[in-house]
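To start, the structure under review is shown below, and the notes come after it.
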Amino acid sequence: MTTAPDVLALQETDQALDRARARLTDVEAQMGESEELIAIRQDVAVREEVLTQLRSRLHDAEWSVDDARGKATEVEGKLYGGSIRNPKELTDLNADLSSLKAQVAKREDTLLGLLVEIEEAEALLGSEQTGLAEKEAVWRRDQAALLGEKSQLEREIADLETRRRDQLPAVDASSLRLYQLLRDRHRGQAVARVERGMCQGCRITLPMSLLQKARSGIGLVQCVSCERILLVS
Ligand SMILES: [Zn+2]
């Protein structure tokens with residue numbers, strides 16, 4: 001005959017199973033790619049692209065400065081070389097030289113501006129890469145811990161399922177149906193302990209006759225109010 005302690009033992013196993021399965025679902029949900037990491041990786045890729053473009057512009061700017069300098073040197077050579085004596089030509093050359101020198105100065109400013117921009121972009125990229133590396137290290141550590149917890153939970157669940165199979169023969173079919181029904185109704189709490197004559201499930205004071213019946217240990221006795229299976233210790 002099924003006794004209240006038999007049903008309680010089954011309930012304890014089922015509650016442990018519920019907890020382990022809920023935690024496993026939680027652990028599995030946390031496993032895999034992190035959206036935060038994906039977003040940071042994308043940010044880093046964008047910064048790298050920006051830096052590549054800046055370096056390419058720097059390359060063009062360097063070429064452009066050299067070009068203007070070369071032209072200025074050429075004009076300077078003509079102007080002071082002594083081969084040209086015509087005042088009109090000399091005045092024109094002088095004007096060309098001034099204009100080229102202004103161009104060199106302007107292009108050098110652009111070049112310096114780019115150097116500053118590149119330095120800033122490199123610093124920003126460096127700090128983002130460091131941040132990404134740190135986050136990736138934490139993520140890898142967390143994933144390893146989750147993987148460890150997952151296999152531990154799977155072992156625990158397998159053990160509990162074995163225990164449940166061993167406990168089932170002690171609970172007859174009608175008692176099992178009653179237990180399942182009450183378990184669903186009372187969020188896993190089908191069995192209630194009795195303390196000082198009170199059902200610990202719903203806190204009602206139980207009639208003496210019911211208490212005596214429960215104490216006798218013959219068959220399952222249910223609370224008159226919440227209908228849980230009563231266990232008198
Ligand atoms: Zn009750």
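Computed from a predicted structure; not experimentally measured. Just so you know, these numbers use all the heavy atoms, side chains as well, and skip hydrogens, waters and symmetry mates. Order of appearance sets the numbers: ligands from 1, and atoms from 1 within every ligand.
Between Tyr179 and Ile229, the closest heavy-atom pair is CA-CD1, 4.5 Å.
Atom CZ of Arg183 is separated from atom CG of Leu178 by 13.5 Å, given to the nearest 0.5 angstrom.
Between Lys78 and Glu89 there is no salt bridge, since no side-chain nitrogen of the basic residue lies less than 4.0 Å from a carboxylate oxygen of the acidic one.
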Indicate every side-chain donor-acceptor pair of residues 206-225 with a distance under 3.5 Å to a residue at least two apart or in another chain.
residue : atom : partner : partner atom : Å
Ser216  : OG   : Lys213  : O            : 2.5
Ser216  : OG   : Ile218  : N            : 3.3
Gln222  : NE2  : Glu227  : O            : 2.8

Quick one: do Arg23 and Glu156 satisfy salt bridge (charged side-chain N to carboxylate O under 4.0 Å, His left out)? Show the steps, please.
-> CA-CA 11 Å; Arg23 180 62 193 153; Glu156 196 181 319; over 6 Å; no

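Connection of Tyr80 to Val104 is not established within any shared hydrophobic cluster, with ILVMFWY side chains joined at heavy-atom distances below 4.5 Å, either directly or through further cluster members.
If you count the protein N, O or S atoms nearer to the Zn ion (ligand 1) than 2.8 Å, you get 4.
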